[in-house]
Student: 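Take this structure first; my questions come after.
Per chain, numbering begins at 1; letters A, B, ... match sequence-line order. Bear in mind the structure is a predicted one, so any value in this text is a computation, not a measurement.
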Amino acid sequence: MLDPKLIRQDIEATAQRLKTKGFTLDVAALQKLEEQRKEWQTKAETLQNERNVRSKQIGQAKAQGQDIQPLLAAVGELGEQLKQAEEQLDIIQQQLHAKLSEIPNIPHQDVPQGVSEEDNVEIRRWGTPPVFDFEPKDHVDLGARDQRMDFEAATQLTGSRFVVLRAGLARLHRALIQFMLDTHTEEHGYQETYVPYLVNRNSLFGTGQLPKMEEDLFAIKDERSFCLIPTAEVPLTNLMAQQIIEPDRLPIKITAHTPCFRSEAGSYGKDTRGMIRQHQFEKIELVWVVKPEDSDAALETLTSHAEAILKKLNLAYRVVALCGGDLGFCSAKTYDLEVWLPAQNRYREISSCSNMTSFQARRMQARWRHPETGKPELVHTLNGSGLAVGRCLVAIMENYQDKDGRIHIPEVLQPYMGGVKVL
RNA sequence: GGAGAGGUGGCUGAGCGGUUUAAAGCGGCGGUCUUGAAAACCGUUGAGGGGUACUCCCCCUCCCAGGGUUCGAAUCCCUGCCUCUCCGCCA
């Protein structure tokens with residue numbers, strides 16, 4: 001959520017900056033609502049004040065044994081007027097809140113212009129894509145052996161976009177999770193965190209999945225209206241909701257491994273083959289909570305932590321800065337990490353690292369105490385995948401295959417595989 | 001699932017429907033004293049929003065949440081959520 005003051009005081013400039021994100025701000029409607037808000041809020045508060053004053057007078061008169069009938073009569077219509085004003089104000093506040101909730105974050109100054117993926121800007125490359133003296137297979141073909149990657153079984157159990165892994169491949173999948181968590185906790189200073197996989201709608205509002213991304217969520221069908229998390233960003237970041245954090249606790253760096261559930265409602269027919277786009281996948285998430293002035297630097301560091309995993313696995317990748325039009329709803333700036341997939345002969349997203357600035361913090365009232373003023377101020381939040389496990393498994397299979405369709409285990413993973421070197 | 005108890009400020013914990021404008025203690029902050037510190041004493045103390053372009057002042061809201069009764073609700077009524085204890089069930 002943006003600062004309502006921006007809407008009140010600087011709406012034209014705000015509208016201009018949101019345009020780089022492809023979002024058209026309804027300036028007239030917002031200004032009108034804002035005017036009404038002010039009018040009715042003033043009216044309601046004046047009436048509330050009058051009620052408080054008069055009620056107190058009645059109390060005092062009664063205590064002194066005076067006749068309160070005249071005072072009671074004087075209160076007259078006040079209650080009814082107040083009720084109307086409060087109802088009217090409530091309606092306007094709700095409309096305003098609904099509108100504000102659907103305005104995306106303002107892009108950072110140095111986000112490249114553009115409307116789609118095409119306009120993203122490559123920042124750097126690392127590693128060299130492997131050269132094969134045979135035609136490399138994709139992970140689906142590689143996984144077919146011994147049904148170690150079994151889509152048909154998953155379809156029978158559940159439906160499309162799920163997978164069953166068996167034996168060494170299942171273990172490799174688990175090894176990746178352990179490896180990533182260990183690296184981030186032991187080398188990058190993150191606190192390992194275990195979190196619920198079901199969250200309430202309040203949490204989903206806090207991190208910005210609601211109200212606009214509802215169709216991508218899997219909801220539990222009972223009166224509690226829980227949803228399966230689409231990313232650990234939701235529980236991790238919402239740990240800060242309603243908090244006032246003392247400055248010496250910042251920056252907070254936390255990580256969690258969780259399954260993620262996405263309905264992929266807008267992706268029919270996209271990546272239907274293989275493990276790239278699933279309804280359920282595992283991810284290691286990195287979350288930072290920082291002072292506002294530190295968030296730019298934090299994004300660089302967080303991104304480097306995700307990159308470190310790819311480097312240790314010796315997987316070629318590139319870093320891409322998303323253009324305005326490709327930025328997520330909450331993000332002011334995003335770097336995507338894209339790993340080389342030989343069978344697709346191109347780089348594919350394996351991590352997305354974003355600076356949400358105060359956008360999520362405002363939605364969940366996550367604050368820190370500014371040491372100079374002593375007053376609570378909104379923190380900045382950041383998150384990134386470090387990394388998406390399923391896609392990482394795909395990358396290892398495809399990059400580490402040999403002509404016999406065997407998969408060689410990267411050295412850093414071998415300790416996690418009981419010394420197994422080839423699958 | 002059954003039976004009870006309870007949710008009040010950073011914490012502990014009072015609070016007959018009306019000087020409660022939420023007592024008191026602890027903690028925090030500032031000061032006095034001191035070479036310094038402790039102790040003692042004095043003062044201070046939250047969050048959200050609005051008005052006014054404002055390190056001033058004024059107002060509103062907030063005692064788990066949402067409704068209701070009332071001139072007036074932390075206090076009374078209803079609903080929900082959560083926590084604790086016991087029983088049952090259970091990985």
Student: B:U61, B:G48, B:C71: which one has an atom nearest the side-chain heavy atoms of A:Pro376?
Tutor: B:G48
Student: Which residues satisfy the salt bridge (charged side-chain N to carboxylate O under 4.0 Å, His left out) test with A:Glu307, sequence neighbours excluded?
Tutor: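 For A:Glu307, the residues satisfying salt bridge (charged side-chain N to carboxylate O under 4.0 Å, His left out) (neighbours in sequence not counted) are A:Arg124.
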Student: To the nearest Å, give me how far apart CG (A:Leu100) and C1' (B:G49) are.
Tutor: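 Atom CG in A:Leu100 sits about 14 Å away from atom C1' in B:G49.
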Student: Mind checking the CG-NZ spacing from A:Leu250 to A:Lys291? Nearest 0.5 Å is all I need.
Tutor: 6.5 Å
Student: In whole angstrom, what separates A:Lys56's NZ from B:C60's C1'?
Tutor: 13 Å
Student: With P as the reference atom in both, quote the distance from B:G6 to B:C78 in angstrom, rounded to an integer.
Tutor: 15 Å
Student: Quick one: does any side-chain atom of A:Gln414 pair with a main-chain N or O of A:Lys421 as donor and acceptor, under 3.5 Å?
Tutor: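 Not a single qualifying donor-acceptor pair exists.
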Student: Between B:G18, B:A47, B:U61, which nucleotide gets closest to the side-chain atoms of A:Arg367?
Tutor: B:A47
Student: Tell me if B:A74 is syn or anti. Syn = glycosidic torsion within 90° of 0, anti otherwise.
Tutor: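 Anti for B:A74; the angle lies over 90° from 0.
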Student: Which one is paired to B:A47, where only Watson-Crick or G-U wobble pairs with both distances under 3.5 angstrom count?
Tutor: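 Base partner found: B:U61.
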Student: How far does the P atom of B:C33 sit from the matching atom of B:U52, given to the nearest Å?
Tutor: 46 Å
Student: Tell which nucleotide pairs with B:U69, taking only Watson-Crick or G-U wobble pairs whose two distances are both under 3.5 angstrom.
Tutor: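 For B:U69, the partner nucleotide comes out as none, under the 3.5 Å rule.
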Student: According to a strict under-4.0 Å criterion, is A:Asn49 in side-chain N/O contact with OP1 or OP2 of B:C60?
Tutor: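 Result: yes.
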Student: What's the spacing between A:Met180 CE and A:Glu285 CD if we round to 0.5 Å?
Tutor: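 One finds 12.0 Å between CE of A:Met180 and CD of A:Glu285.
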Student: What is the pairing partner of B:G25, taking Watson-Crick or G-U wobble pairs with both distances under 3.5 Å in any strand?
Tutor: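 Base partner found: B:C11.
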Student: Please name the nucleotide paired to B:U20 by Watson-Crick or G-U wobble geometry with both distances under 3.5 Å, or report none.
Tutor: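 For B:U20, the partner nucleotide comes out as none, under the 3.5 Å rule.
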Student: Could you measure the distance from the CD atom of A:Glu349 to the CZ atom of A:Arg391? Nearest 0.5 Å is fine.
Tutor: 5.5 Å
Student: Applying salt bridge (Lys or Arg N to Asp or Glu O under 4.0 Å), run through A:Arg348 and A:Glu398 and close with a yes or a no.
Tutor: CA-CA 12 Å; A:Arg348 289 300 307 263; A:Glu398 296 192 5; over 6 Å; no
Student: Quick check on the 6.0 Å ring-centre criterion: do A:Phe261 and A:Tyr197 meet it?
Tutor: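 Not close enough - the centres of the two rings lie 6.0 Å or further apart.
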Student: In whole Å, I'd like the distance from the CG atom of A:Leu47 to the C1' atom of B:U61.
Tutor: 15 Å
Student: What is the pairing partner of B:G30, taking Watson-Crick or G-U wobble pairs with both distances under 3.5 Å in any strand?
Tutor: B:C42
Student: Between B:C57 and B:G36, how far apart are the two C1' atoms, rounded to whole Å?
Tutor: 42 Å
Student: Which nucleotide in the set B:A47, B:G48, B:G72 lies at the smallest distance from any side-chain heavy atom of A:Ser55?
Tutor: B:G72
Student: Please state the P separation for the pair B:C89 and B:G28 - nearest whole angstrom.
Tutor: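 So the two P atoms sit 49 Å from each other.
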Student: Within 45° of the ring axis of A:Phe205 and under 6.0 Å from its six-membered ring centre, is that where the NZ or CZ of A:Arg363 lies?
Tutor: yes
Student: Measuring to OP1 and OP2 of B:C60, would you say a side-chain N or O of A:Asn52 lies under 4.0 angstrom away?
Tutor: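 Yes, within the criterion.
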Student: Using the C1' atom on both, measure B:U21 against B:C63 and round to a whole Å.
Tutor: 15 Å
Student: Any salt bridge (charged side-chain N to carboxylate O under 4.0 Å, His left out) pairs touching residues 18-36 of chain A, not counting sequence neighbours?
Tutor: A:Arg8-A:Glu34, A:Glu34-A:Arg37
Student: Between B:C29 and B:G46, how far apart are the C1' atoms? Round to whole Å, please.
Tutor: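 Going atom to atom, C1' in each nucleotide, I get 14 Å.
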Student: Under a 3.5 Å cut-off for both contacts, is B:G4 paired Watson-Crick or G-U wobble with anything, and if yes, with which nucleotide?
Tutor: B:C84
Student: Any strand is fair game: report the nucleotide pairing with B:U75 by Watson-Crick or G-U wobble, both distances under 3.5 Å, or none.
Tutor: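 With both distances under 3.5 Å required, B:U75 matches none.
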Student: Would you kindly give the NZ-to-P distance between A:Lys43 and B:G49, to the nearest whole Å?
Tutor: 24 Å
Student: Both A:Ala44 and A:Arg369 contact RNA chain B. Taking the nearest nucleotide for each, which residue is further toward the 5' end?
Tutor: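 The 5'-side residue here is A:Arg369.
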Student: Nearest-Å distance, NZ (A:Lys83) to P (B:G67)?
Tutor: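 Interatomic distance, NZ of A:Lys83 to P of B:G67: 12 Å.
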Student: Measure from CD1 on A:Ile58 to P on B:G17 and round the result to the nearest Å.
Tutor: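 One finds 18 Å between P of B:G17 and CD1 of A:Ile58, rounded.
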Student: Are there any protein N/O atoms within less than 3.5 Å of an N/O atom in nucleotides 50-57 of chain B, and if so, which ones and at what distance?
Tutor:
from  : atom 1 : to      : atom 2 : distance (Å)
B:G50 : OP1    : A:Arg8  : NH1    : 2.5
B:G50 : OP1    : A:Arg8  : NH2    : 2.5
B:G50 : O4'    : A:Gln41 : NE2    : 3.0
B:G50 : O3'    : A:Arg37 : NH2    : 2.9
B:U52 : OP2    : A:Lys38 : NZ     : 3.4

Student: In whole angstrom, give the distance that lies between atom CD of A:Gln60 and atom P of B:U20.
Tutor: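 About 11 Å, once rounded to whole Å.
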Student: Please state the C1' separation for the pair B:U70 and B:C76 - nearest whole angstrom.
Tutor: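 So the two C1' atoms sit 10 Å from each other.
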Student: How close or far is atom C1' of B:U45 from atom CD1 of A:Ile244, stated in whole angstroms?
Tutor: 13 Å
Student: Work out how far the P atom of B:G68 is from that of B:A73, and round it to whole angstrom.
Tutor: 12 Å
